[in-house]
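Counting starts at 1 for both ligands and their atoms, in listed order. Below, each value reflects all heavy atoms present in this structure, side chains not excepted, and no hydrogens, waters or symmetry copies.
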Amino acid sequence: MDDVPQTLDEFMDYVVTKSAAQYEFHQAVREVTNSVWPLLESDPIYLRAKIPERMVHAERIIIFRVPWVDDAGEVQVNRGFRVEMNSAIGPYKGGLRFHPSVNLGILKFLAFEQVFKNALTSLPMGGGKGGADFDPKGRSDNEVMRFCQAFMSELFRHIGPHTDVPAGDIGVGGREIGYMFGQYKKLANQFSGILTGKGTTWGGSLIRPESTGYGLVYFTEEMFRAQGDSINGKTVIVSGSGNVAQFAVENINRLGGTAVALSDSGGFIHDPDGIDAEKLAWVMDLKNIRRGRISEYAERFGVEYYPGQRPWGVEGADVALPCATQNEINVDNAKQLVANGIQIVAEGANMPTEPDAEKLLVDSGVLFGPGKAANAGGVSVSGLEMAQNAGFTSWTREEVDGKLLGIMTKIHTTCRETAEEFEVPNNYVVGANIAGFRKVATAMLDQGVV
Ligand code: NDP
């Protein structure tokens, strides 16, 4: 058994060697492995069966050319990907990201995170992630449609309701899901639930667009409740202004909190009076229909806009919800948050907090909700959409919202109880990683070496 890594460092050396230059992937693996190493040392079965090595290798990765023609008649070529990471507990499930920064390392980090996130939801979903280095920003609807059709012309061979069911992510919302679903249906000659986030008149679930943002705020509320407190009356910094950020703000408002910041890749706005329902409706129109910039909010409502900056220095806030992208809170931002008395940081985005920033927050006593737990609401309602499709039925808003709340509450309890079991109470990072890992590892052990 000489080749079984005996230490965390040996294991990470192996990961880095096998996936050179995939920095975000190394970061995600290190975070999970750090948490689960005490479990691996206490029970030799995992290392003996090489579960960690098996988990860091995707079951399958598909990389393909996506050629399409833009409005000027010019040929464009993008790279398409689907990382089918782990199917131990169900069909691969996870979003598609269209963003110029997309590469294999980023998608492997997202797929790896997704495996444990999906396990935490208690629904039967494996983990995957995909996308393309295509930027929908500045493209016409027709160009986006042609790109989505070209992308699905290859992807359709690899997905299916019992194999792999993608959803949206950055740059992939209802419009893109619609175009991709249409192309799948045409090529496969089959109307089936191969994507989630569909329109509600053609198989989509109510509350799916809201689910990640709503779920994040339900999770945050549970973190407060565990301390005998509530989000009611609290001031919240939100980053991003896309799908997750928008519905996080909506749920903050429903639960009596006040959201005072939003951002995009250009900068952030600070609205001390709060982003109420009317202002939020304006933001949704700006971002989802007119596809404008958050700086326009400042002009419209007469508040400050901070170009090129992130919102973590805003004073007087109790909660920070990063909802834009990976690595958007660095250690200096974390120091600012601690100095300003932040009580809770919960991740709406995937891995928005850099490792040393996360450590600083946790060590400083800030309650920290990691993305794989706190933003699991989106994939949970995707799972509910699959269940509705399989049963040829659709549930009401109230039913889906109630189930979402139940799932987020259960994820929160699982994280807390697991953290207590491993004698690190209030450490949601360790709780989420060990609980997710244990579930997937047990299924892999049961199913043999495959
Ligand atoms: P959207 O595309 O709807 O919104 C993304 C937002 O983040 C936009 O405001 C965008 O600004 C901003 N952003 C993107 N990249 C950068 C960057 N490099 N620097 C600064 N800002 C940036 O995506 P979602 O809201 O769906 O996703 C946000 C995060 O939540 C991602 O990490 C995603 O993986 C995660 N997530 C999403 C789920 C979902 O159901 N949608 C589920 C679970 C997690 P701009 O418009 O200027 O690019």
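- Listed by atom number, the atoms of ligand 1 under 4.0 Å from S241 heavy atoms are 9 (O).
- Atoms of ligand 1 found under 4.0 Å from any heavy atom of H99, numbered from 1 in the order shown, are 15 (N).
- Ring planes of F134 and W68: perpendicular class, angle over 60° (limits at 30 and 60°).
- Heavy atoms of S263 found under 4.0 angstrom from ligand 1 belong exclusively to the backbone.
- Annotation: atom 6 (C) of ligand 1 to nearest protein heavy atom, G242 N, 4.0 Å.
- Nearest residue to atom 37 (C) of ligand 1 from N350, V244, N375 is V244 (criterion: closest heavy atom).
- Looking at D71 and R139, no side-chain N of the basic residue comes within less than 4.0 Å of a carboxylate O on the acidic one, giving no salt bridge.
- Only side-chain heavy atoms of R208 come within less than 4.0 Å of ligand 1; its backbone N, CA, C and O stay farther off.
- In this structure, the ring of F98 has its center less than 6.0 angstrom from the ring center of F147.
- At least one heavy atom of R293 sits closer than 4.0 Å to an atom of ligand 1.
- In terms of modelled atom types and a separation under 3.5 Å, the side chain of D133 and the main chain of N78 share no donor-acceptor contact.
- Checked for salt-bridge contact, R310 and E328 miss the test: no charged N lies under 4.0 Å from a carboxylate O.
- Contacts with ligand 1 closer than 4.0 Å are made by side-chain heavy atoms of R97 only, the backbone lying farther away.
- Taking a cut-off of under 4.0 Å to the non-hydrogen atoms of G171, the atoms of ligand 1 that pass are 2 (O).
- In this structure, K372 pairs ionically with E31, as a charged nitrogen and a carboxylate oxygen lie closer than 4.0 Å.
- Atom CD in E250 sits 4.5 Å away from atom CE in M284 (nearest 0.5 Å).
- Counting heavy atoms under 4.0 Å from ligand 1, residue C323 touches it through the backbone alone.
- Atoms of ligand 1 found under 4.0 Å from any heavy atom of G348, numbered from 1 in the order shown, are 30 (O), 35 (C), 36 (N), 44 (C).
- Atom numbering of ligand 1 starts at 1 in the shown order; those under 4.0 Å from a heavy atom of T325 are 15 (N), 16 (C), 17 (C), 18 (N), 19 (N), 32 (O).
- Residue contact check: K137 has heavy atoms under 4.0 Å from atoms 45 (P), 47 (O), 48 (O) of ligand 1.
- Distance from atom 34 (O) of ligand 1 to its nearest protein heavy atom, with residue and atom name: D169 OD1, 2.6 Å.
- Classification of the F219-Y428 ring pair by plane angle, with boundaries at 30° and 60°, yields perpendicular.
- In terms of protein heavy-atom proximity, atom 40 (O) of ligand 1 is closest to T212 OG1, 2.7 Å.
- Less than 4.0 angstrom separates atom 31 (C) of ligand 1 from at least one non-hydrogen atom of the protein.
- Salt bridge absent: E222 and R416 never bring a charged side-chain N and a carboxylate O closer than 4.0 Å.
- Counting only non-hydrogen atoms, the option in D135, T196, I170, N243 that gets closest to atom 3 (O) of ligand 1 is N243.
- Between F151 and Y184, the ring centre distance reaches or exceeds 6.0 Å.
- In this pair, Y297 and F301 present their aromatic rings tilted. The plane angle is within the 30 to 60° band.
- Checked for salt-bridge contact, R254 and D401 meet the test: a charged N lies under 4.0 Å from a carboxylate O.
- Nearest residue to atom 5 (C) of ligand 1 from A324, G240, P136 is A324 (criterion: closest heavy atom).
- The protein heavy atom nearest to atom 47 (O) of ligand 1 is S265 OG, 2.4 Å.
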